[in-house]
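Some notes on the structure that comes next.
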Protein chains: 2
Amino acid sequence: MDINSEKSMEQTILETAEQMFLERGFAATSTTQIAKSVGCNQALIHYYFRTKENLFNSIFESKFKLLFQRVFDTTQLENLSFTDKIKHIVETHFDILSENPKMPMLILNELSRQPEQLKILKERLHALPEKLISIMSKELETEIAAGKVKNCSFIDIMFTIVSLNLALFTMLPIAVNVAELNDIQLKFLLAHRRAENVNIVLSYLRP
Amino acid sequence: MDINSEKSMEQTILETAEQMFLERGFAATSTTQIAKSVGCNQALIHYYFRTKENLFNSIFESKFKLLFQRVFDTTQLENLSFTDKIKHIVETHFDILSENPKMPMLILNELSRQPEQLKILKERLHALPEKLISIMSKELETEIAAGKVKNCSFIDIMFTIVSLNLALFTMLPIAVNVAELNDIQLKFLLAHRRAENVNIVLSYLRP
DNA sequence: AGTTAGTTTAATAAGTCTATTAATAATGTG
DNA sequence: CACATTATTAATAGACTTATTAAACTAACT
C-alpha cells in the first residue's frame, strides 16, 4: 500500500484534468468527461473548483510558471563561453518542451483566448526574464564589439530560439502523421532538430 | 446595384463562417452563431451544408489547397541564383501567412483534431511539393559540391523556413498583447522579422 | 393563373454542458 | 458515543448545441 495510492481526490482531478486539457484543449474538455475519466461524480469537480475556468486556471498557471522559471534559470550558465551559453539556452528550452510537448499548443490557444489571464501572468512573471536578459545582453554587446558575433539584439536571438523550438512541437502531431513516423524515427527527428536548432542560431550569430 | 450585392446566401454563409472559424476555431463556433452573424435562420446553414463538419471542411479544404499551391509555386523561381531562390521562398511563405495570419493556428488545431482530413489532404496534394523539392534538392547538391553551401538537406531547410515563419504568426496575438504593440509597431515587427528570417536561413546555409 | 422547384423559416427533438442543491456517506473531534 | 465537518452522490435547472421536419414563402415557367 503505497502512500500515493491514497492520493487525494482533489489531486487526482487536477492531474487528470491537466492531461485532458493538454490533449483536447479547454473548450473540448467538459467537466463531465473529466469526472468520468477520474471515476467520480461530476459535481465533485465543481465542489473543489467551483468552475471549470477555475480548475483550468489553477492548473495552467502553476504549470506555466514552472516551465517559465526553468526557461529563464541562469544558474547553469556561469563559466560558459557566450556561444556555449546560447547553446545551453537552446537545448534547455528544447528539452523543457520535449518533456511537455503538448504545452505549446495549449499556451498559444488559451492565452490568445484569455487575454486577462495573460495580463495576470505577465505581471506576476515579468521579473523572471530580467536577469537572463541583462546578463546576455551585456555579454552580447562585448562579443559584438570584439567582432566575434554579428550585430543583433538579444531579443531577436530569443525570438529565433523560441520560434524554432516551439514550431517543431506545434507541428509535430501533423509531421508524425504525414510522414507516418514510428517511435524510433520520431526520436531521431527530435534529436536531429535539437542539434539543428542550435546550429541555426549559432550560424546566425557568426559575424 | 453591384452584382455582388446579390451575393448568394450560400456564399455569404461560407465567407462569414470562414472568418468565425479563423477567429475562434471549430469547436468554439456554433452554427447558431454563424446564422446570427449572417442574419439568416440557423436551419439554413444545415440546408446548404447538412452538417457543421461539412461546412468547415469545404471551407478549410479549398483555403488550404489555395495556400498550399501558392507556397509550392515554382514559376517565380526561374533565373534566380540558388540563394535568391531560398530568399524568395522564405519571403513568399511569409507573405502568404501575412495575408492569412490566423490560418496557421487553425491548421495546427484542426489537422491535429481530424487526422482523417489530414490523410485526405495528403493524398490530394502530395504531388504539389514534388516539383519544388526536386528542383531545389538538385540545385542544393550542386551548391554543396561547389562548396558554396553547407552540407544539409532541403527538407531541413524547408523545416527551418516553415518553423520561423509559422511560429511568428502563432505567437503574434500573445506578442502583441505582452508588448502592447500598436499598429505601427506591429507593422515594424513584421517587416523586421521577415528580413530576419531570410537572414537566419541564409546564415545557416553558409559553409 | 397555376404548377413546380428552390429557398427560408418556425418548431422542436435529443443531446450535452455548466453549475447548483439537497441528501447521504465518511471522517474527525470533543 | 454524539456532534460537526468534510467528501461524495443523485437529481435537476437552465442554457446551448446540432440536426431534422414540415410548413411558408419566392421566383420562374407554362
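Here the structure is a predicted model, which means the values were calculated and not measured. Order of the sequence lines fixes the chain letters, A, B, ..., with proteins taken first and strands second; residue numbering starts at 1 for each chain. Side chains are part of it too, since the values below use all heavy atoms of this structure and drop only hydrogens, waters and symmetry mates.
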Nearest-Å distance, CZ (B/Arg50) to P (C/dT8)? 19 Å

What is the 5' to 3' range of DNA chain D, first to last nucleotide, that sits under 4.0 Å from any heavy atom of chain A? D/dT6 to D/dA10

With respect to the side chain of B/Met9, which nucleotide from C/dT18, C/dT8, C/dT9 is positioned closest? C/dT8

Per the side-chain contact (heavy atoms from CB on, under 4.5 Å) rule, which among A/Thr12, A/Leu14, A/Ile13 passes with A/Thr16? A/Thr12

Distance, rounded to the nearest Å, where A/Lys52 contributes NZ and C/dT16 contributes P: 15 Å

Describe the nucleic acid contact of B/Ser30 in one word from base, sugar-phosphate, nothing, applying a heavy-atom distance below 4.0 Å. sugar-phosphate

Kindly indicate whether a cation-pi arrangement holds for A/Lys52 with A/Phe26, taking the cut-offs as under 6.0 Å to the six-membered ring centre and within 45° of the axis. yes

Is the distance between the ring centroids of B/Phe49 and B/Phe56 under 6.0 Å? no

Separation of C/dA25 C1' from A/Asn41 CG (nearest whole Å): 13 Å

Going by the side chain to side chain donor-acceptor pair (under 3.5 Å) test, which pairs reach into residues 97-111 of chain B, not counting sequence neighbours? A/Asn109-B/Asn109, B/Glu23-B/Lys102, B/Lys63-B/Asn100, B/Arg70-B/Glu99, B/Glu110-B/Arg113

What distance separates A/Lys119 NZ from B/Asn177 CG, expressed to the nearest 0.5 Å? 6.5 Å

Students often get this wrong, so: under 4.0 angstrom with heavy atoms, is B/Tyr47 touching a base, only sugar-phosphate, or nothing? base

A/Tyr48 OH - C/dT20 P separation (whole Å): 17 Å

